[in-house]
Undergrad: 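Take a look at this one; I'll ask things after.
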Amino acid sequence: MYRYDEFDAAFVSGRTAQFTDQINRRISGELSEDQFRPLRLMNGLYLQLHAYMLRIAVPYGTLSSRQMRKLAHIARTYDRGYGHFTTRQNIQFNWPKLKDVPAILRELGSVEMHSIQTSGNCIRNTTTDQFAGAAADEIIDPRPVAEIIRQWSSLHPEFSYLPRKFKIAMSGSPNDRAAIRFHDIGLQAATNAAGDIGWEVWVGGGLGRTPMIGKMINSFVPNEHLLAYLESIMRVYNRYGRRDNKFKARIKILVHEEGLETIKGQVEAEFAEVRGGVLTLPAEEVDRITTYFAPPQFKAQPATRIDVAYESIIDPAYGRWLDNNINSHREPGYASVTISLKPVGGAPGDATDTQMDVVADLAERYSFDELRVTHEQNLVLPHVAVADLRAVYDALVGSGLAEGNTGLITDMICCPGLDFCALANARSIPIAQEISRTFAEPKRQAEIGDLKIKISGCINACGHHHVGHIGILGVEKKGGELYQITLGGDATEQASVGKIIGPGFEAENVPGAIETLVDTYIAKRESADETFIQAYRRLGEAPFKEALYGNA
Amino acid sequence: MGMPKLVTVQPAHDKLRALGILALNGMFDEMDAVGVLRYATSDVLPGDLAIVSSFGADSAVLLHLVAQVDPSMPVYFLETGKHFAETLAYVETLKKHLGLINIHAIHPDQADVQRFDPAGTLWETDPDSCCHIRKTEPLEPITEQYGGWVTGRKRFQTVERGVLPHFELTSDDRIKVNPLAYFSDADVNKYKIEHGLPEHPLFAKGYKSIGCAPCTSVVAEGEDPRAGRWRGLNKKECGIHFDFNGAIAKPVTAAAKHTLWKDGAFIADPFHDWSETSDPATASYTHVPLSVFLANREAFLANPHPLGLLVSPGERIEDVEADLGRFASVAIKFPAFSDGRGYSSARLLTQRYHYANEIRAIGDVLQDQIPLMRRCGINAFVVTHEPTREALIEDRLPEVALFYQPVGATEVPVGTRPFLRRAS
C-alpha cells in the first residue's frame with residue numbers, strides 16, 4: 001500500500017489546518033454560506049437540512065486495517081455507530097457535528113486519510129477495480145498510476161473550479177469491474193504494438209439525468225505522457241464546458257454537443273503544446289510509486305483444493321459463500337474474498353463500527369493487512385490463503401457479514417434516497433430491503449444466477465440504475481413515490497444503458513414486478529447458463545413488457 | 001385589518017444574518033434543548049430574545065427550560081379573549097411554580113375586534129381572520145422589538161413541522177429558536193413527569209394541543225396531536241409560525257480607497273475600465289475588452305498610450321497571442337469565484353506565451369482563491385471584499401504551502417524530492 005512520507009503528511013495536515021480555519025470563519029460569520037459552500041464541498045462536507053454529511057476518500061478503494069479501525073472509531077465517537085460505503089469506493093458519515101469536523105480530519109490524518117476533493121466541482125477520487133493487484137485476469141495493477149493521479153489532482157490550482165465534478169476510473173484488466181465507460185474519463189490498461197503497457201482513454205461517459213457511454217478518445221497513451229494528456233482534457237473541459245446550466249455542465253454534454261472529433265482535435269492540439277513539458281512522468285517515479293504496491297510476501301501454499309460441491313452438502317451456507325464470494329487470485333493457493341454488505345433486509349453498503357473492527361482484524365490476520373471497498377458497495381479481503389477461507393467465513397458469520405450473495409439478485413447497489421438525501425424524490429433503501437426479503441431464499445437466488453439490480457431515489461442516479469440489468473428509479477409523481485423500471489443496462493466493457501420498460505409502479509408493487517421479470521426470464525432462458533442480461537439481449541424487451549403490462 | 005406594513009424593518013443583527021443559521025444546526029445534539037436555549041441566550045442573542053407561549057398542554061416544558069436558563073426572559077401570552085378559563089388559571093399556576101418574573105399578556109386591538117368581530121363569532125365564519133386580529137397583528141409590534149424568539153414547536157406535531165430545525169432565520173432577519181424541535185410526544189411527557197411539572201387542567205380530559213376555546217377539540221388516541229386545532233378546516237397554523245426561510249443575506253461590503261493589491265500593498269490603480277465613450281485611438285491606461293481590441297486592432301496598435309487587456313471567461317487568449325507585448329496589464333475577469341475559466345487563461349498567458357507584465361484578477365476575488373490564482377501566474381488582485389483585504393494586509397491567506405503538481409509558474413521542486421512535489 002502507499003505510505004505517506006513527510007511531504008504527504010505535511011500536505012494533509014496543512015489542508016486540515018486550512019479547512020479548520022475556514023470552518024471557524026464560517027462559525028464566526030465572516031464567511032457567508034454561499035462562500036463557505038464550495039470550500040466545504042471541496043473537503044467532502046455536505047450540509048443537509050439538519051446535519052452535515054462528511055465523505056471520506058478511500059483512494060482507489062484501498063484500506064489498511066489501521067485505517068478501517070479508525071473509521072470504526074469515528075463511527076462510534078462522532079457518528080451514530082455506522083458508516084455508509086459508496087459507489088465511488090468512499091465512505092460517508094451522516095451525522096457529524098460541524099464543530100467536530102476538524103477533530104475528525106485530524107484523526108483521519110493520523111492514519112493517512114483525508115476528505116480532500118470528495119465533493120465539489122473538482123477532480124474526485126480515482127476509482128478502480130477492487131481486485132487490483134490480485135485478479136488473475138489483470139494486465140497491470142492500476143493503483144500506482146491511480147496514486148500518481150491522486151497526487152497530481154490534489155488541490156490543482158487550475159482545476160479546482162471546474163464547470164462540474166469530474167470522475168476518473170481505471171481498470172487494469174480487460175474485464176471492467178470499475179464501470180470506466182460511465183465516468184468522465186475512463187482509463188483501460190492496454191498494450192501497444194511494441195508490447196508496452198499504456199492506457200486506452202475513454203471520455204464523456206456518465207449517468208445522472210443524461211446517461212452516456214464514454215467514447216474512446218485515444219487508443220494508447222503511454223505512462224510518461226498520461227498526466228499531460230489528462231491535463232489537456234481537463235483544460236479543454238475547464239475552458240469550454242458549459243457553465244450556464246448545472247445539468248448540462250458535465251464533460252459528457254460537451255463531448256455530445258461538440259462531437260468527439262471536435263473535442264479530440266482540441267485535446268490533441270493542447271496535448272501537442274504540453275507534451276514533453278513539466279508533466280512528463282519519469283519512469284523512475286512510476287517505479288518508485290509501484291514499489292509501494294508490490295505484491296505481499298505470498299507463501300507457497302500446500303495444494304489446497306476446496307470441493308465446493310462437497311462443502312455445499314455439508315454446510316449449504318458456506319458452499320454458497322464459496323460459490324459466489326470468492327474471486328480467483330493470480331497467486332496459486334490464494335483467493336480474494338468479497339464481504340457482502342447486503343444482508344437480507346439491510347441497508348446496502350452500511351457497516352457498523354463493530355463490523356468494521358471485525359473486518360479490520362480479518363484483514364490483519366488473513367489478508368496481509370489489506371482491504372478494498374468495491375463500487376458495488378461491498379468490502380474485499382484481496383489476498384486470503386485458500387486454507388484460511390473457512391476460518392474467515394466463520395468469523396464473518398459471527399458478525400452478520402457472511403451473506404453469500406455476491407453478484408446475485410440481492411447484491412444491489414442502492415443510493416441513500418429520501419431517508420437521508422436532500423436531493424432525493426423517493427425512498428430507495430426500503431425498496432432494496434423489500435426486494436431482498438422477497439428473494440431471500442438462497443435456492444431461488446442460485447436459480448436466478450447473475451443479476452444486477454441497481455436503485456436510485458432520483459434522476460441523479462447515484463444508485464447507477466441506468467446500468468442495472470434491472471434498474472429502478474424513484475420519481476415523484478403527484479406528491480407520491482413512483483418507481484420506473486429499466487432493463488438491459490450494463491456497466492462492464494459491454495456497456496449499455498437500460499431502457500424504461502413502461503409506466504412506473506407504486507412502492508408496494510415493485511417487488512412483485514421484479515418477480516414477474518425474473519419469472520419471465522427463467523421461463524424463457526435457453527438454459528441455466530444463459531444469464532438474465534444475455535437472455536434480455538437475445539429476447540428484447542417484448543416478453544418482459546408483456547409479462548408486466550399484458551398484451552395491450 | 002390594517003394595510004400591510006410598507007416600512008422596511010431595519011435588521012438589527014448584521015452579524016447574525018451573515019452567520020448562517022443552518023451552521024448552528026450542526027452544533028447541538030438533537031435532544032440538547034437546554035444547550036440550544038442557553039447558547040441562544042448567551043451567545044446568539046443575549047438580552048434580545050423573547051418567548052411567546054400559549055400556556056397550552058405542553059407549554060410547561062419550554063417554560064421550565066426558560067426558568068433554568070434565565071427566569072427573567074420576557075414571556076408573552078396572547079390573551080385572545082377566547083381562551084378556556086382553565087388556561088388563564090394555568091398561566092398563574094406556572095408563573096408561581098417556575099418562578100418566572102417577566103410574563104406579559106398581549107391583547108388584541110379593541111378597534112379591530114369591534115370592527116371585524118363585533119358579535120364574537122368570527123372564529124366560526126373566518127378563522128384565519130380571527131387568528132390574524134387576535135394573534136398575528138398584536139404580536140407584530142412585540143416581535144419587532146426582539147432579534148429573535150423561542151418557540152415550543154416540535155417536529156412530530158404535524159406533517160408540516162416534520163422538517164423543523166433548532167435554529168431558523170425568518171425572512172425579516174429574525175431568529176427562531178426551537179429547542180424542542182426533536183422532542184417526541186413521549187419525550188415531552190417523560191420530561192413533565194421527571195420534573196414534576198403541573199399539568200394543564202384540560203390535558204387529562206383529552207386535549208393534546210390547546211389554543212382558543214372555540215377552535216380546540218379533543219384529540220382521539222393515535223391522532224396527530226394538533227388534529228384537535230381548527231378541526232374540520234384545512235388550517236394547521238394560526239399564522240404566527242409561517243416562514244421557514246433559511247436564507248442568508250450577504251454581508252455588506254464597505255467601499256475602499258485603494259482596491260489594487262500588488263507587491264504586498266494596496267496601491268493607487270492607474271487603470272480604468274473601458275466605457276462606451278472610450279476611443280481606441282486615444283484611450284490611455286484602460287483595460288480594453290478582448291473583443292473590442294480585435295474589432296479595432298489597427299487603431300489600438302497605433303495608439304501610443306499604455307493599455308491593458310480585459311479577458312472575460314470564454315474569450316480565447318490565443319486570439320491576441322501576437323499582440324500581448326502591447327499590454328502593460330492583463331485583467332482576468334472572475335464574474336463569480338466559482339467560475340474557474342480564468343485560471344486556464346492565466347496559465348496560458350504565463351506559461352505558453354511567457355507574458356511577464358501585470359496579470360490581475362478582477363471581479364469576485366476572495367482570500368480562499370487567491371493562493372490558487374497566484375500559482376497560475378496572477379500577480380495583482382482588485383479586492384473589495386473586506387475580510388479578504390484584511391487577510392492580505394495581515395498576510396494570513398488560507399493556504400496549503402505544499403503542492404503536488406508542477407504548474408510551472410511559481411513553485412520550486414522540493415530539494416531532492418521526486419516528481420510532483422513542490423513548495424511555494
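By convention in this document, chain letters (A, B, ...) are assigned in the order of the sequence lines, proteins followed by strands, and residues within each chain are numbered from 1.
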Undergrad: Does the side chain of A:Y2 come under 3.5 Å of the side chain of A:Q151 through a donor N or O and an acceptor N or O?
TA: yes

Undergrad: Test salt bridge (Lys or Arg N to Asp or Glu O under 4.0 Å) on A:E158 and B:R341; report intermediate values, then the result.
TA: CA-CA 8 Å; A:E158 186 178 349; B:R341 284 176 282 188; over 6 Å; no

Undergrad: Specify whether A:F19 and A:F36 have parallel, tilted or perpendicular ring planes, treating 30° as the upper limit for parallel and 60° as the lower limit for perpendicular.
TA: parallel

Undergrad: May I ask you to decide if B:G147's main-chain N or O and B:D48's side chain share a donor-acceptor pair within less than 3.5 Å?
TA: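 Yes, the answer is positive, given that a donor and an acceptor are paired below the 3.5 Å cut-off.
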
Undergrad: Quick one: do B:D32 and B:R38 make a salt bridge, cutoff under 4.0 Å?
TA: no

Undergrad: At a heavy-atom distance under 4.5 Å, which candidate from A:G277, A:G120, A:P157 has the highest pair count against chain B?
TA: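 Maximum pair count with chain B is reached by A:P157.
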
Undergrad: Heavy-atom cut-off 4.5 Å, strictly under: side chain, backbone, both or neither for A:D21 against chain B?
TA: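 Just the side chain, heavy atoms under 4.5 Å.
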
Undergrad: Could you pull out all residues at least two apart from A:R55 that satisfy side chain to side chain donor-acceptor pair (under 3.5 Å)?
TA: A:Y46, A:Q92

Undergrad: Heavy-atom cut-off 4.5 Å, strictly under: side chain, backbone, both or neither for B:D364 against chain A?
TA: neither

Undergrad: With respect to chain B, which residue among A:G14, A:A17, A:A10, A:S154 yields the maximal number of heavy-atom pairs within a distance under 4.5 Å?
TA: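 Top option by heavy-atom pairs under 4.5 Å: A:S154.
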
Undergrad: Pick from A:M234, A:E284, A:R80, A:R150: which one has the most heavy-atom pairs with chain B under 4.5 Å?
TA: A:R80

Undergrad: For the pair B:E318 and A:R239, find out whether any cationic side-chain nitrogen is under 4.0 Å from an anionic carboxylate oxygen.
TA: yes

Undergrad: Tell me, for A:S13 versus chain B, whether the close heavy atoms (under 4.5 Å) come from the side chain, the backbone, both or neither.
TA: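 Neither part, no heavy atoms under 4.5 Å.
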
Undergrad: Could you tell me which portion of A:R15 (side chain, backbone, both or neither) has an atom closer than 4.5 angstrom to a non-hydrogen atom of chain B?
TA: both

Undergrad: Does a side-chain N-to-carboxylate-O contact under 4.0 Å join A:E257 and A:R242?
TA: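 Judged by the 4.0 Å cut-off on N to carboxylate O distance, A:E257 and A:R242 do form a salt bridge.
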
Undergrad: Does any heavy atom of chain A fall under 4.5 Å from the side chain of B:E315, the backbone, both, or neither of them?
TA: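 The answer is the backbone of B:E315.
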
Undergrad: Under a 4.5 Å heavy-atom cut-off, does chain A meet the side chain of B:R316, its backbone, both or neither?
TA: both

Undergrad: At a 4.5 Å cut-off on heavy atoms, which part of A:L39 comes close to chain B: side chain, backbone, both, or neither?
TA: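 Just the side chain, heavy atoms under 4.5 Å.
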
Undergrad: Side chain from CB out, backbone as N, CA, C, O: work out which of these in B:L348 comes under 4.5 Å of a heavy atom of chain A, or both, or neither.
TA: side chain

Undergrad: Between A:Q22, A:E231, A:R243, A:H156, which residue shows the highest count of heavy-atom pairs closer than 4.5 Å to chain B?
TA: A:R243

